[in-house]
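First up is the structure itself, then whatever we jot down about it.
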Amino acid sequence: MDFSHTRILCIGDVMLDHFAYCDIERISPEAPVPVLLVRNRRCSLGGTGNVARNIASLGGEAILVGLLGRDAAADDLRALIGNWSGIRNRLISSDSRPTTCKTRYIAAHQQIMRVDEEQSHAINATEEAALIAEIDEAIDGVDAVVVSDYGKGVVARKILSRVMRLAHARRIPVFVDPKHDDFRRYRGATCITPNLMELSRAAKMPVATDTDVIGASTKALRAAQAEAILATRSEKGMMLVEASGAVHIDAARAREVFDVSGAGDTVIAVLALAHASGQPLPQAMRLANTAAGIVVGKLGTAAVDLDELILELSREARDKDTGQTKIHTLAEAEMLARQWKARGLSVGFTNGCFDIIHPGHVTLLAKARLECDRLIVALNSDDSVSRLKGPQRPINALPDRAAVIAALASVDAVTSFEDDTPLALIERLKPDVLIKGGDYTFETVVGSTEVEANGGRVVLIDLIEGHSTTGVVGRMRAAAEPAAPAGSPADPA
């Protein structure tokens, strides 16, 4: 999968997404509202800017056309764009409107409130002429056009008409993320990507069932004279309805929905990239659906990078064959740990052979999970177990041990390592909490120095007496030995 030679023209409403991460410690004495204590702030590209960021993150090139004000938010946006070598800035400065800015206040990993600063009146003739001039210059040499309409004024009828005419003359596909209820505005688009509410309003039809969505999409297609409608349906996944009558349904990919901010931007970015790179729309939809499943697991307006997408595709293929969703390669576990930390979740880590699971193991892992938000368990490979425990171990091969551990509710991810110790793995995952049984000391826990140096902590959990794999194996072998005949020396009278 290579998007490095794919260039997408992104036109629409560009925004600054501002995130304020807060603690809630009390209710205001002035009114029954929580008092938010801001701990951290960050900004990211929003709207069409986030589409461009997703394209650049996946290795493509985005040419970004839109309007900014002459204000601090515009300065922040230009600085953010400057961090992406894959984004070409063709933004116009406006004297008549501020830069659109959305501020989200987040506490306990949940969005508490959003404050929008914007003006959505129609663009003036000067702004329109400047945008058209940029589009005329930029469209030659691109492989697709994305129009992101957030209803802030940039995607005017004259702009749309110009884009469609230029794109059709060059046989360039046009993808539209709609805001207006009248899809005739987007006449001639290759694919329009409404969510269910947008589709229902445009078609003036219900969208509760698959049949409803097909009917509404067919009606909207006729109005827009488009080639396809891709309806995004949250937990139900996506449905692609083509003008030919073909219908393609793809189930949701998200393993854990954390924040849906900007997910639609990811969908249209990947859809356009994939189709412009030669993939048919149904295949491009499936790729976009996978990317959306990744991005909703991140905090805030986020982008998907190519490594994440490739890893998730391989993971999906493996899970489809095995039905197992918690067992990961080292690269996948590292990606998960990074994503969890980005959300502000604490990542715990423990390791062991876990050859024969007994109540001591179950209790240890349950208590370990109480020390963190997400728990990764690393298992010694079969060769590693043999070196540590002797040639007759393990009793159970790694796939069997991993399947049993993954079945425990206290465990969020399972991976493995070939070395005698998990030090290299710990150095890569950088867990916040390193957990071992009480038969260790802080000095003898492998990786304790490295975890503490990174600001993490080490936790020792008391073991349940009388439970050990060695003891279980010993009892099994004793039970398997044949009984000595009566009267023999081994069976004294």
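Residues take their numbers from the sequence shown, with the count starting at 1.
The closest donor-acceptor contact from the side chain of N454 to the backbone of G456 lies at 3.5 Å or more, if one exists at all. Side-chain atoms of R401 come within 3.5 Å of backbone atoms of N380 as a donor-acceptor pair (strictly under, hydrogens ignored). Without hydrogens or angle criteria, H180 side chain to D182 main chain gives no donor-acceptor distance under 3.5 Å. For K236 (side chain) and D210 (main-chain N/O), no donor-acceptor pair under 3.5 Å exists by modelled atom type. K436 places no side-chain N or O within donor-acceptor distance of the main-chain N or O of F442, the cut-off being under 3.5 Å. Here the side chain of T444 pairs no donor or acceptor atom with the backbone of Y440 at under 3.5 angstrom. A donor-acceptor distance shorter than 3.5 angstrom exists from the side chain of D71 to the backbone of T99, with no hydrogens or angles considered. S200 places no side-chain N or O within donor-acceptor distance of the main-chain N or O of L196, the cut-off being under 3.5 Å. Here the side chain of T350 pairs a donor or acceptor atom with the backbone of I435 at under 3.5 angstrom.
If you check the side chains of N289 and R286, you find no donor sitting under 3.5 Å from an acceptor. With no hydrogens or angles considered, no side-chain donor-acceptor pair links N54 and S57 at under 3.5 Å. Checking R457 against S346 by side-chain atom types alone, no donor-acceptor pair falls below 3.5 Å. Inspection of the S96 and S94 side chains reveals an N or O donor paired with an N or O acceptor under 3.5 Å.
E127 has no carboxylate O lying under 4.0 Å from a charged side-chain N of K152, or vice versa, which leaves the two without a salt bridge.
Residues G153 and R97 share a closest heavy-atom pair of CA-NH1, 4.5 Å. For A291 against T266, the heavy-atom pair with the smallest separation is CB-CG2, 3.8 Å. In terms of heavy atoms, A368 sits closest to L375 at CB-CD2, 4.0 Å. The two residues C191 and L271 have their closest heavy-atom pair at SG-CD2, 3.9 Å. Summarising the geometry of Y150 relative to T48, their closest heavy-atom pair is CE1-N, 4.3 Å, with the distance given to 0.1 Å. Across every non-hydrogen atom of R369 and S410, the tightest pair is CD-O, 3.2 Å.
Taking the six-membered ring for Trp and thresholds of 30 and 60 degrees, F183 and Y186 have ring planes more than 60 degrees apart, a perpendicular arrangement. Relative orientation of the H275 and F175 rings is perpendicular, given thresholds of 30° and 60° on the angle between their planes.
Here the CG-CG distance, from L434 to N351, works out to 7.5 Å after rounding to the nearest 0.5 Å. The structure places CD1 of I8 at 13.0 Å from CD1 of I87, a figure rounded to the nearest 0.5 Å.
Listed by first and then second residue, the salt bridge (charged side-chain N to carboxylate O under 4.0 Å, His left out) pairs involving residues 106-117 are R114-D116 (not counting sequence neighbours).
Test D265, L77, V51 against L45 for side chain to side chain contact (heavy atoms under 4.5 Å, CB included) and you get one pass: L77.
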**Request:** Could you walk me through whether V35 and I24 pass the side chain to side chain contact (heavy atoms under 4.5 Å, CB included) test, one step at a time?
**Result:** CA-CA 6 Å; V35 175; I24 299 179; over 6 Å; no

- Item | Full working for side chain to side chain contact (heavy atoms under 4.5 Å, CB included) between R53 and L80 | CA-CA 10 Å; R53 181 168 70 128; L80 288 168; over 6 Å; no

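Residues L240 and M238 have side chains not in contact (no heavy-atom distance under 4.5 Å, counting atoms from C-beta outward). Counting heavy atoms from C-beta outward, D212 and M205 have side chains that stay 4.5 Å or more apart.
Relative to the six-membered ring of F19, R42 meets both conditions, a distance below 6.0 Å and an angle of at most 45° to the axis.
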